[in-house]
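Each remark here refers to the structure printed beneath this line.
Below, chain A is the first sequence line, B the second, and so on; all start at residue 1.
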Protein chains: 2
Amino acid sequence: MRVPMPRSAATLHDVAREAGVSLATASRALNGSTRRVNDAYRARVLAAAEKLDYRPNFSAQAVARGATSTVALLVADIADPYFSSIASGVVRSAEAANLVVTMAVTDRDNDRELALVRVIRGQRPRVLILAGSRFTGADDHALEAELRGFTESGGRVVLISQHELPFDTVALANREGARALAERLVELGYRRFAAIAGAAALRTSDDRVDGFCDGLRAAGLDLPDDRVVRAPFTRDGGYEAGRELLARGVDDIELVFAVNDVMAIGAMSAFRDAGVRLPEDLAVAGYDDISTARDVTPPLTTVRVPLVEVGECAMRLALREPDEGGDRTETVASEVVVRESTPPRR
Amino acid sequence: MRVPMPRSAATLHDVAREAGVSLATASRALNGSTRRVNDAYRARVLAAAEKLDYRPNFSAQAVARGATSTVALLVADIADPYFSSIASGVVRSAEAANLVVTMAVTDRDNDRELALVRVIRGQRPRVLILAGSRFTGADDHALEAELRGFTESGGRVVLISQHELPFDTVALANREGARALAERLVELGYRRFAAIAGAAALRTSDDRVDGFCDGLRAAGLDLPDDRVVRAPFTRDGGYEAGRELLARGVDDIELVFAVNDVMAIGAMSAFRDAGVRLPEDLAVAGYDDISTARDVTPPLTTVRVPLVEVGECAMRLALREPDEGGDRTETVASEVVVRESTPPRR
DNA sequence: TTGTACGCGTTATCAC
DNA sequence: GTGATAACGCGTACAA
């Protein structure tokens, strides 16, 4: 008994020969769109494919068809629950549409992001999804040109949470959400606030801080500049900002608003490490409602952003026929979730 | 001034024509390995490519070269910090090696996993990484055959945390880690334990429970069967198991060991919701040391698994020349991390 | 319905 | 060094 030694994968050619039909017939039987092939032949081709363990070569199909079936996803940090939740939604939707998703990580570096987009264009993905907000006023021109080149050659671009670029985008209503949160906290009796924000000019961060201020202003309150601490948009950034806040003195602060949950949770750890009792000594609120928000102690008040749905929404936008009239922006609803980290005051 | 309307991307052909050289020369100048091309021509080609906004078509390159430069990553759930951390390491290493990583999600479904591997083979990835443990004794034959077919046609397979299949694997030393944890907890004065595990026959879960029992046995203690609650391998599974444990009564239990951190954290929430004080009334320990383990209250005692490194290690294994003598398994070190969730007893 | 032949964008093997 | 030209694996007019 001879053991077959298929040092390289079977091709459509092999299948056709094995089945005794032409290449074209084999192609139609296996991957053809309109099923116009004799059942007898069809069966023989399928049997041959099975026997030879044939798998269509996606690259070759892409070349022949002139189009791939991949969607490229660009995130700042896949280990961050914010992005991994979005990725989860993207992957789920993509797989449902028989699309493969490729992933790249910017590490929150604009130059790196641009370089990645340049390279990714070589993949010729059907759609390119950029998650994670960028800096306002940065040299977006280069990125925009690159993305424009991509769409002009038939690709679809979807931005998540960065409506400053002229492409389809899934917007997060950051300003409105933060405003609603502030109003709710005022209702609960809070009057004196501090905030933990990301780097200045980081769009998402700015929007959330601004929205929060809007809400306070509506109640005749405000958030002094020296009550806003800036730090990296990460858990460790939040921890660091928490310590900074403590150093500045928090005696007259009732509540700290962090512009995202990972920072809020980092800050909570800093507070706890310093012996601050939560929420008795200090209340904390975040933004995003990542899944661990309810597992910290006290459970974190936040603004719920349906992150998985955001990813799904991005795919939906990408798969829909492009409108004639320019770019569309789909805004996902957010909702204030009050938990024990912000108990009613007095 | 006429506005160019490049309805489709520029090809190497276009570049060659624009530069006034042959296709071959253009190819060599742009993507050739051995640089044996006149500098003058080279410059003209590069200029033409720049002008035409040319990007090499990866699919076409793959067909011509007979090999892609992608690595396929299969995870159970990308939103789970365990997997997203591993993914982070994989992506980082892959990008350093100029490889694109594609991602697929099994949702912890063996059939789905098999189906995905079948499809993924069509991508002809250079390497296929399977993360997430499977069930022992399951019909691994089909999967093994599929993976075997992949390696036989030149692909590399790396398994993470599932050494039951004959391929290169990154092992986690689960048994040893859990044993060390148990020993440490006994040192701290704990004597009566319960455990929260995943489904029976789930390899990682079993190994960790077994290892934990080993550690207890070494001290003359044991973990009765009725003290082991099984639930889905997720945060909600942990919450559910926590409630189940409470329903069974925890009066004579001092410490609950959950086989992973997400379950431990879910259980902690269940305990807290039921008014159980942690760690005064009950101590808890987990496994993995995901980043939120230090942010819950009390901070969670656990076994540190360098997840990002695990991903990097998988890539390293995949990129290294295959040994003659069969499969290699690289075991990553783990380390017990004692935090406040398990204070010294008495 | 089936087969032939060409094209997809790129690399690689030759001669020159 | 450079340029035709044949691959690579597949889809698809077109003709049969």
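For the side chain to side chain contact (heavy atoms under 4.5 Å, CB included) with V170(B), the lone residue among I86(B), T329(B), L159(B), V310(B) that qualifies is V310(B). Under the side chain to side chain contact (heavy atoms under 4.5 Å, CB included) rule, L114(A) has a single partner from L143(A), V119(A), T106(A), which is L143(A). Each of L319(A), V91(A), T68(A), V90(A) was compared with L99(A) under the side chain to side chain contact (heavy atoms under 4.5 Å, CB included) criterion, and only L319(A) meets it.
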Could you run down the sub-3.5 Å N/O contacts of the protein with nucleotides 7-9 of chain D?
unit_1: dC8(D); atom_1: O2; unit_2: A64(B); atom_2: N; d: 3.3

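The two residues L74(A) and V105(A) come nearest to each other via the heavy atoms CD1-N, 4.4 Å. Considering every non-hydrogen atom in both L52(A) and A10(A), the closest pair reads O-CB, 3.6 Å.
The distance between atom CG of L30(B) and atom C1' of dT11(C), rounded to the nearest whole Å, is 13 Å. Going from atom CZ of R28(A) over to atom P of dA13(D) covers 10 Å, rounded to whole Å. The separation between L23(B) atom CG and dT11(C) atom P is 9 Å, rounded to whole Å. Rounded to a whole Å, the CZ atom of R17(B) is 15 Å from the P atom of dG3(D).
Each end of the helix from dT1(C)-dA16(D) to dC16(C)-dG1(D) gets its own axis, taken as the rotation carrying the C1' atoms of four end pairs onto the next four within a five-pair window, and the two axes meet at 40° to the nearest 10 degrees.
Salt bridge present: E95(A) and R112(B) bring a charged side-chain N and a carboxylate O closer than 4.0 Å. Checked for salt-bridge contact, R156(A) and E321(A) miss the test: no charged N lies under 4.0 Å from a carboxylate O.
In terms of modelled atom types and a separation under 3.5 Å, the side chain of D107(A) and the main chain of D109(A) share no donor-acceptor contact. Remark: side-chain polar atoms of R126(B) are not paired, donor with acceptor, to backbone N or O of V71(B) under 3.5 angstrom.
The base of dG1(D) is not paired with the side chain of R42(B) by any donor and acceptor separated by under 3.5 Å.
Of the side-chain N and O atoms in N31(B), none sit less than 4.0 angstrom from OP1 or OP2 of dT10(C). For dG11(D), one of the phosphate oxygens OP1 or OP2 lies less than 4.0 angstrom from a side-chain nitrogen or oxygen of S27(A). Contact annotation: S22(B) does not reach the phosphate of dA4(D) (side-chain N/O to OP1 or OP2, under 4.0 Å).
Relative to the side chain of A24(A), the nucleotides dA4(D), dG3(C), dT2(C) differ in distance, and dG3(C) lies closest.
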